[in-house]
**Student:** 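Before we start, here is the structure in question, set down as structure tokens.
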Amino acid sequence: MKNGEVILAGFGGQGILFMGKILAFAAMIEGKKLSWLPSYGPEMRGGTANCHVIIDDNEIGSPIVTRPNILVAMNKPSLDKFEDTVLEGGYIFVDKSLIDRNVKRDDVKTIYIDATKIADDLGNKGLANMVMLGSLLKATDIFTIDEIEDTMKKSLPKSKQALVESNMKAVKEGYSLV
Amino acid sequence: MSEKVLMKGNEAIGEAAIRSGCRHFFGYPITPQTELSAYMAKKMPKIGGVFLQAESEVAAINMVYGAASAGVRAMTSSSSPGISLKSEGLSYIAAADLPCVVVNMVRGGPGLGGIQPAQSDYFQATRGGGHGDYHLIVLAPNSVQELAYLTAEAFNLSEEYRIPAMILGDGTIGQMMEPVDFDLIPEPVYAQKPWATNGTEGKREKNVTETLFLEPSELEERVFEREKKYDVVRENLQRYKSHDTDDADIIIVSYGLTSRVVETAVKILRSEGIKAGAIRPITLWPFPEKVFKEVHPKAFLSVEMSMGQMVEDVKLACDCSVPVHFFGRTGGVIPTPDEVVNKVKEILKEVE
Amino acid sequence: MSKTIYEKPHSLTETNFHYCPGCSHGIVHKLVCEVIDELEIEGKTIAVEPVGCAVTAHNYFNFDVVQAAHGRAPAVATGLKRALPDRVVFTYQGDGDLASIGTAETVHSATRGENITVIFINNTIYGMTGGQMAPTSLPGQVTQTSPYGRDTHTQGYPVRICEMLATLDGPSYIARVSTDSVPHIKEAKKAIKKAFENQVNGKGFSIVEILSTCPTNWGMSPVEAMERLRKEMIPYYPLGVFKDVEEVNE
């Protein structure tokens, strides 16, 4: 699968928007049509943050994702809010370190990843988003690991190039778990 | 080969403005357009430009008035409540026939309203907003690429006609990221500005930028002259995009972000065999009336993020020849394609 | 043989003033234009005129003029000066314009140290609209909108702009002068000249408050009006230099 309507959701500070940017940037490099839309406003501060990414071969209509085929939920309120919106046969990725319930639906593919714990073991809880991204790549095949590594190198500013290695380590860890 | 960059809409406006020769930006913080000010604050000092955070929206628009009267390309941006405050200045700028670009990233209203996207400033933008007989050129982009394109256009058009131009966006268009290629935006076309109050140097008669004419016949004459200019703009500047209109039973009219929701809705409708088409005004003033004379649907549907402010323009444009329906969400709620689809089906049931 | 001992400044036009007999605007226009002539800056000067009696000052100035909305002159001047840093930009404003509806623009252009010159006519009344209470009207002053005299309990106290702005770090020169006598008018010209020189030398925001008369709306003869200025206004609005960065530095 190379196209997708994705909702990434969690707490502010989990790198939700960044995860979305990587997908969007990768799509741009691949010559795809794409849109990236963040939630904005006071809810960014400590509340929930989410971001809608659409990747397609054709021009993108509404940039608002109402029926995602991929949901990444990195906290319980996000799963509660978006679980029902996922298309039948779509994917729900759950950070089970932070979400103490299972997906209720049985018509979607569910992937549980202990992302925050794994990231912590890697030495940085902040990499949980990258662990989730890795599992998403493996399960959906939306981009290859190499494409994502290339994207990171191209999209991160010079001052942050050093982070590519640690980010990719987390991505690969997530990839290996699916 | 030109290169695409991934950018937020608000930032793309800033970059396009800079590439269009704008070196004077006066702003005041307000959600959801602050990224534009932040972008200008970062970029302007590096290129010898001016970024100034004014003490108020009122001051910001009057700084634009001053800079524009000096003959430079000047700009300000805000969101709905801030535009209300700027309306006084816009009336003066229009009255002084000064070019400038004003961005409104519309949020829900009235009052303080909300911070989520809306289109409820349509009347304010297309009917003037401030006092007196005047218009702004109002451009309504629906993508980040078009935001950049129309920002560049706005500077050129505003100078060509000496009419202030407004980019009417919304919170979503400003916040979203899409690839944008700045090689595709128009080059700046600079007009001569013999009227600029930039110092006589002892070489010419003095210039006066003024808006007060106590003699009624003199003021009337000036308003008449301006109206002639507006007529030229009405004739030459109508812009729109349309699709699937030839055989359409129903044509959905929408602009900005909403037009993208409609695009998706039309696809769904067509896939179900329903003959739906779309017209998207790109200039809201002048409203693209001409295209409405060329299409023959059984009904129009105006879809907006407001309570139907564009409906009357659609009615006027089609001379009320067929029913004009309305569907809208407001207060920061964005209509979904499914809602539009259902509304169309409802209307067509009535028609048949 | 005749010898010229006085000439109308070149930057002042031939147009007769529309101002009332005994009004200080004429005096101040002439002082400003003399200074512009003496500094040889006519060709690079841009005035920003207010809403008030001086709204048509461009009829009297031989240089570029921008007419601002009520109170917005310092913002307009800011835009002009930022666009044209090598030009000389000054605002000419009355008390309603500068100290009431435009207070924010006044205070913020001052605190930014905007490199402009502000000429502030304080005659304690709204002239153009026919004599209403101004922010600078004195306690007890009878106007159209304070018919029983300005009651400080309900209508507050006059604003002393110079004193207020002198608390800021931004301004470089703040002075209050008067037009009630020849020596005071000479002082006034000195202050105006300094306020323009400061701008030419890039020293930042300079304001000269000029105590002025409005015989028509005060209901007085020109002579009585000068008397009032001297006896009532100067005690409330003391003359002098409130801030001069140069002097502090020396």
Side-chain angles (χ1 to χ4, degrees), chain B residues 22-26 28 44 48-76 86-93 95-96 98 100 130-131 195-214, chain C residues 10-11 13 18 36 40-52 54-89 91 101-112 114 116 128:
Chain B
C22 173
R23 292 294 179 275
H24 295 83
F25 182 95
F26 305 94
Y28 187 84
M44 283 299 198
V50 171
F51 164 82
L52 183 55
Q53 181 169 320
E55 62 270 30
S56 66
E57 300 280 10
V58 174
I61 190 71
N62 280 284
M63 289 172 185
V64 168
Y65 177 89
S69 68
V72 304
R73 288 194 159 185
M75 178 182 202
T76 184
K86 288 189 199 293
S87 294
E88 175 203 52
L90 280 169
S91 169
Y92 282 72
I93 289 170
L98 295 174
C100 72
H131 61 283
W195 45 263
T197 43
N198 53 1
T200 65
E201 297 263 24
K203 289 174 189 159
R204 59 160 169 79
E205 289 296 301
K206 70 179 174 190
N207 284 332
V208 178
T209 302
E210 59 186 325
T211 68
L212 177 74
F213 303 96
L214 291 170
Chain C
H10 181 269
S11 54
T13 63
H18 72 287
I36 286 171
E40 298 177 355
I41 52 172
E42 184 189 292
K44 53 192 270 190
T45 295
I46 301 144
V48 183
E49 63 189 15
V51 172
V55 69
T56 51
H58 57 268
N59 289 331
Y60 315 119
F61 294 150
N62 250 333
F63 38 83
D64 286 355
V65 182
V66 179
Q67 193 177 62
H70 199 22
R72 315 298 176 225
V76 174
T78 297
L80 274 160
K81 186 72 183 183
R82 296 287 179 124
L84 305 165
D86 65 333
R87 294 302 196 239
V88 176
V89 179
T91 71
I101 200 165
T103 316
E105 285 80 358
T106 304
V107 170
H108 285 275
S109 57
T111 201
R112 280 196 305 270
E114 209 64 56
I116 58 173
M128 192 171 75

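Letters go in sequence order (proteins before strands), and every chain restarts at 1.
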**Student:** At a 4.5 Å cut-off on heavy atoms, which part of B:Val64 comes close to chain C: side chain, backbone, both, or neither?
**Tutor:**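 Contact with chain C: none, neither part.
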**Student:** Select one option (side chain, backbone, both, neither) describing which atoms of B:Ala74 are under 4.5 Å from chain C's heavy atoms.
**Tutor:** neither
**Student:** Treating B:Ser91 as the side-chain partner and B:His131 as the backbone partner, does any N or O pair qualify as donor plus acceptor under 3.5 Å?
**Tutor:**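 Indeed, once roles are kept as given, a pair shorter than 3.5 Å links the two residues.
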**Student:** With a 4.5 angstrom heavy-atom cut-off, which part of C:Asn59 approaches chain B: side chain, backbone, both or neither?
**Tutor:**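 Backbone only.
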**Student:** Work out which heavy atom in B:Trp195 is nearest to a heavy atom in B:Leu98; give both atom names and the distance.
**Tutor:**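 Answer, listing the atom of B:Trp195 first, then B:Leu98: CZ3-CD2, 3.5 Å.
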**Student:** With chain C as the partner, which of B:Gly66, B:Gly71, B:Ala59 has the greatest number of non-hydrogen pairs under 4.5 Å?
**Tutor:** B:Gly66
**Student:** Which atom pairs, one a donor and one an acceptor, fall under 3.5 Å between side chains of residues 61-72 of chain C and the rest of the protein, sequence neighbours left out?
**Tutor:**
| residue | atom | partner | partner atom | Å |
| --- | --- | --- | --- | --- |
| C:Asn62 | ND2 | C:His10 | O | 2.8 |
| C:Asp64 | OD1 | B:Arg204 | NH1 | 2.9 |
| C:Asp64 | OD1 | B:Asn207 | N | 2.6 |
| C:Asp64 | OD2 | B:Asn198 | N | 3.1 |
| C:Asp64 | OD2 | B:Gly199 | N | 2.8 |
| C:Asp64 | OD2 | B:Arg204 | NH1 | 3.4 |
| C:Asp64 | OD2 | B:Arg204 | NH2 | 2.7 |
| C:Gln67 | OE1 | B:Thr211 | N | 2.6 |
| C:Gln67 | OE1 | B:Leu212 | N | 2.9 |
| C:Gln67 | NE2 | C:Glu49 | OE2 | 3.3 |
| C:Gln67 | NE2 | C:Val55 | O | 3.1 |
| C:His70 | ND1 | C:Val51 | O | 3.4 |
| C:His70 | ND1 | C:Asp97 | OD1 | 2.9 |
| C:Arg72 | NE | B:Glu88 | OE1 | 3.1 |
| C:Arg72 | NH1 | C:Ile101 | O | 3.1 |
| C:Arg72 | NH1 | C:Glu105 | OE2 | 3.2 |

**Student:** If every non-hydrogen atom of B:Glu55 is compared with every non-hydrogen atom of B:Met63, which pair is closest and at what distance?
**Tutor:** OE1-CE, 3.7 Å
**Student:** Using non-hydrogen atoms and a 4.5 Å limit, figure out which bit of C:Ser11 sits close to chain B: side chain, backbone, both or neither.
**Tutor:** neither
**Student:** Please name all residues satisfying salt bridge (charged side-chain N to carboxylate O under 4.0 Å, His left out) with B:Glu201, sequence neighbours left out, ordered by chain then number.
**Tutor:**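 Salt bridge (charged side-chain N to carboxylate O under 4.0 Å, His left out) check on B:Glu201 returns C:Arg87.
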**Student:** Within a 6.0 Å radius of atom OH on B:Tyr92, are there more than 12 heavy atoms belonging to other residues, nucleotides or ligands?
**Tutor:**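 Atom OH in B:Tyr92 is packed in, count exceeds 12.
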**Student:** By a 4.5 Å heavy-atom criterion (distance strictly below it), what part of B:Leu52 contacts chain C: side chain, backbone, both, or neither?
**Tutor:** side chain
**Student:** In terms of heavy-atom pairs under 4.5 Å, which option from B:Ala54, B:Ala70, B:Ala68 contacts chain C the most?
**Tutor:** B:Ala70
